[in-house]
Amino acid sequence: MGTKRKTLFFAFFLLLSSAHSFYLPGVAPRDFQRGDPLYVKVNKLSSTKTQLPYDYYFLNYCKPPKIVNNAENLGEVLRGDRIENSVYTFEMREDQPCKVVCRIKLDAESTKNFKEKIDDEYRVNIQRRDGSQSTTYEHGFRVGFKGNYAGSKEEKYFINNHLSFRVMFHRDTETDAARIVGFEVTPNSINHEYKEWDEKNPQVTTCNKDTKNLVPGSTVPQEVNLGKEVVFTYDVTFKESDIKWASRWDTYLLMNDDQIHWFSIINSLMIVLFLSGMVAMIMMRTLYKDISNYNQLETQDEAQEETGWKLVHGDVFRAPSNYGLLCVYVGTGVQIFAMTLVTMIFALLGFLSPSNRGGLMTAMVLLWVFMGIFAGYSSARLYKMFKGTEWKRNTLKTAFMFPGVLFVIFFVLNALIWGEQSSGAVPFGTMIALVCLWFGISVPLVFVGSYLGFKKPAIEDPVKTNKIPRQIPEQAWYMKPLFSILIGGILPFGAVFIELFFILTSIWLNQFYYIFGFLFIVFIILIITCAEITIVLCYFQLCSEDYYWWWRSYLTAGSSAFYLFLYSIFYFFTKLEITKLVSGILYFGYMVIVSYAFFVLTGTIGFYACFWFVRKIYSSVKID
């Protein structure tokens, strides 16, 4: 029959002791004396096959007299976490052998729900033994499993109805107070038997009368069938541990693939070094030679024979078509960049510890809202440089365009989740709260930023723009916009794609991701790669006398998002076992949001790099 698995109950059953509403480095831990009550909380049921979380009590488990939903932060609600009280209570450092919780008779609906959730491999949140000495943990244990009796080919459903809890604590030798540093669960399926049911003090014969431990050989599993009675039981053991309270998360965050991350970073650094070499060559050799040549030509009155990038000096700062939209996208990109940078710094400093569930999501939403001021400012500065006049319209577009697209996609996906009766659906009240954050804080801040940006004097072009646009010569096939834009996105994507695999795995396969040190290095590499590839391609473009660089620079770096989306399609078919249509739509819906944000972020980095480069080279030449 199914092997006995020891499992970490991380997100599903959570000891009150280690759940903090917000974690900061150095928060005071909680001490327990012998006999203090401990209450176990339950969270959602989740499955990597459907990606649809359900409330724990969606299944017919034993319920406390009154179910209390605990206060959650915004991030937890958005993630679909629903943390509630349960029937499991312990007393600190006092073992409880085989305690009966309740018995439940399976009706048609309960049977159907249990079977469906076992089919979809739902977990209530495992220790995998990989043959290595170290033990790695996963979220949760399965609701049940499928199997067949010896000699029979008929597949049956079995439910895990006995839970063995193990609580690890670190004891202070002086005060004898203890802190909880670990929490594991081993699920078992046992067909419990009893002579007579006493509601006040239920006893089962499958537990030893004297030791109250499970009777050896009583491991006939509990089948899920209409009309069957299921008796839920649990036992608790406490184990003293050497792990200090501050290191209690190390077991769960144990990385078995550090080498892959280092390989990823070295691989990315090679790309950066190669690009930096090219940029340095262009800046030093070509530009230095070009500029000194051009400046000599001026003195020799041979300016008529100019070739290359200097020829387009009269057009290079001509405002592009749809410059208003470009300003909006650049402003939004600055907002995303500021949010990402600050979130990563917080994460690096340990402010977003894994013990603060939903902390990362809450931080990102709030930072996004407050970074609106930078979006308004950068958008307005650019718009004023292009001599735009409708600044209020530009500001409104900056405040509404990107969040609006996100909100529409999010609303449609949420309606689908709601239709599946999943607890992952964001409640209407939270939706209203998000809209209030957007309209009440973000939009006014975009206007404040925009006002400040418009008050500053316009950015001056280093060279004058001609009245009549210059004819652009026929371009070689490899300088055509589409080809060079698609080539430009490959290297930034190549710099991040290994780390991207781990991020996708943590989102879609319920793994832990808390290696923000690696992520921060990769983010810095991404910024440098986007900037350098755009500068190199922009230089080649100007040399072939094509001065339409504004949008091209944005799209060159931004096209890495196209590869990100292609990779997410590859990941979907090779790594995930999603079979439901709704789950597939959810996956691609969220990946569209991620890719769109990545496009705006990388595009903005490329644009500003190119903007700096073009201003730099044209301000170094003498032009009549």
Side-chain angles (χ1 to χ4, degrees), residues 44-54 75 77-81 116 119-123 139 329 332-333 336 339-340 358 360-361 364-365 368 401-427 430-431 434 485-486 489-490 492-494 496-511 513 519 526 555 557-603:
K44 61 192 175 188
L45 305 163
S46 74
S47 158
T48 54
K49 280 182 86 167
T50 68
Q51 300 295 339
L52 293 165
Y54 283 88
V77 178
L78 294 176
R79 286 174 37 163
D81 287 351
E116 271 179 11
D119 265 334
D120 287 333
E121 294 175 17
Y122 268 83
R123 291 174 178 275
H139 295 240
Y329 269 106
T332 306
I336 295 175
M339 174 199 78
T340 312
L360 185 66
M361 187 81 91
M364 285 175 76
V365 170
W368 164 263
M401 194 159 165
F402 179 80
V405 172
L406 253 58
F407 197 79
V408 167
I409 299 173
F410 185 65
F411 192 81
V412 171
L413 294 179
N414 202 55
L416 286 172
I417 301 172
W418 184 74
E420 292 287 320
Q421 295 168 345
S422 161
S423 73
V426 174
T430 310
M431 277 286 201
L434 287 172
I485 284 168
L486 286 175
I490 293 174
F493 171 73
V496 299
F497 94 99
I498 295 180
E499 210 56 42
L500 185 71
F501 168 80
F502 290 103
I503 295 169
L504 288 180
T505 303
S506 76
I507 296 171
W508 300 108
L509 293 178
N510 273 351
Q511 305 282 333
Y513 186 90
L519 190 60
L526 174 70
L555 296 170
S559 67
S560 53
F562 169 67
Y563 295 104
L564 188 149
F565 190 71
L566 285 182
Y567 181 73
S568 74
I569 297 172
F570 167 78
Y571 186 86
F572 180 83
F573 288 109
T574 57
K575 292 282 181 264
L576 299 181
E577 297 173 8
I578 289 175
T579 46
K580 271 186 142 180
L581 177 66
V582 171
S583 308
I585 294 170
L586 277 182
Y587 174 83
F588 286 111
Y590 285 126
M591 288 318 295
V592 163
I593 290 178
V594 170
S595 304
Y596 184 37
F598 193 72
F599 164 74
V600 177
L601 171 69
T602 49

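On a predicted model such as this, the values are computed, not experimentally measured, just so you know.
Among pairs with a residue in residues 573-583, those fulfilling side-chain hydrogen bond (donor to acceptor under 3.5 Å, both in side chains) read Glu420-Lys580, at least two apart in sequence or across chains.
The line from CD1 of Ile507 to CZ of Arg79 is 11.0 Å long, rounded to the nearest 0.5 Å. Distance check: Ile578 CD1 to Phe573 CZ gives 10.0 Å after rounding to the nearest 0.5 Å. Note: Leu500 CG to Leu504 CG = 4.5 Å, rounded to the nearest 0.5 Å. For the atom pair CD1 (Ile490) and OG (Ser559), the distance works out to 8.0 Å, reported to the nearest 0.5 Å. Here the straight-line distance linking atom OG of Ser423 with atom CD1 of Ile417 works out to 9.5 Å at 0.5 Å rounding. How far CD1 of Ile585 is from CD of Gln51: 14.0 Å, rounded to the nearest 0.5 Å.
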- Message: Run Leu434 and Phe410 through side chain to side chain contact (heavy atoms under 4.5 Å, CB included) and show every step you take.
- Response: CA-CA 12 Å; Leu434 287 172; Phe410 185 65; 4.3 Å; yes
- Task: Dump the intermediate steps for side chain to side chain contact (heavy atoms under 4.5 Å, CB included) on Met431 and Phe411, then the final yes or no.
- Result: CA-CA 9 Å; Met431 277 286 201; Phe411 192 81; 3.8 Å; yes
- Task: Go through the steps to decide whether Thr50 and Tyr122 satisfy the test side chain to side chain donor-acceptor pair (under 3.5 Å), and finish with yes or no.
- Result: CA-CA 9 Å; Thr50 68; Tyr122 268 83; 2.6 Å; yes
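Distance alone, capped at 3.5 Å, places no donor-acceptor pair between the Ser46 side chain and the Pro53 backbone. Under a 3.5 Å cut-off, the side chain of Ser595 and the backbone N or O of Val592 do not form any donor-acceptor pair. Remark: side-chain polar atoms of Glu499 are not paired, donor with acceptor, to backbone N or O of Val496 under 3.5 angstrom. At distances below 3.5 Å, at least one donor-acceptor pair connects side-chain atoms of Asn414 with backbone N or O atoms of Val426.
Separation of the Phe402 and Trp368 ring centroids falls under the 6.0 Å cut-off. In this structure, the ring of Tyr567 has its center no less than 6.0 angstrom from the ring center of Phe501.
With Ser422 as the partner, the side-chain contact (heavy atoms from CB on, under 4.5 Å) test is satisfied by one option alone out of Val582, Leu586, Leu52, Leu416: Leu52. Of the listed residues (Leu555, Leu564, Ile336), just one forms a side-chain contact (heavy atoms from CB on, under 4.5 Å) with Phe599, and that residue is Leu555.
Every residue two or more places apart in sequence or in another chain that forms a ring pair (Phe, Tyr, Trp, His ring centres under 6.0 Å) with Tyr587 is listed here: Trp508, Phe572. When the side-chain hydrogen bond (donor to acceptor under 3.5 Å, both in side chains) test is applied to Thr505, the partners found at least two apart in sequence or on another chain are Tyr571.
Within a 6.0 Å sphere centred on CZ of Phe562, other residues, nucleotides and ligands contribute 12 heavy atoms or fewer. Under a cut-off of 6.0 angstrom, the local environment of CE in Met591 is crowded, with over 12 non-hydrogen atoms contributed by other residues, nucleotides or ligands. Within a 6.0 Å radius of CD in Glu116, more than 12 heavy atoms belonging to other residues, nucleotides or ligands are found. Within 6.0 Å of atom CZ in Phe497, 12 or fewer heavy atoms from other residues, nucleotides or ligands are found, so the atom counts as exposed in its surroundings.
Contact record, Thr48 with Leu509: CG2-CA, 3.6 Å, taken as the closest heavy-atom pair. When all heavy atoms of Pro427 and Val77 are compared, the closest pair comes out as CD-CG1, 3.4 Å. Contact between Ser560 and Pro492 at its shortest, heavy atoms only, is CB-CB, 4.0 Å. Of all non-hydrogen atoms in Met361 and Gly75, the two that sit nearest each other are CB-CA, 3.6 Å.
With a 4.5 Å cut-off on side-chain heavy atoms, Ile569 and Phe588 count as touching.
Aromatic ring pairs are classed by plane angle as parallel below 30°, tilted from 30° to 60° and perpendicular above 60°; the pair Tyr596 and Tyr329 is perpendicular.
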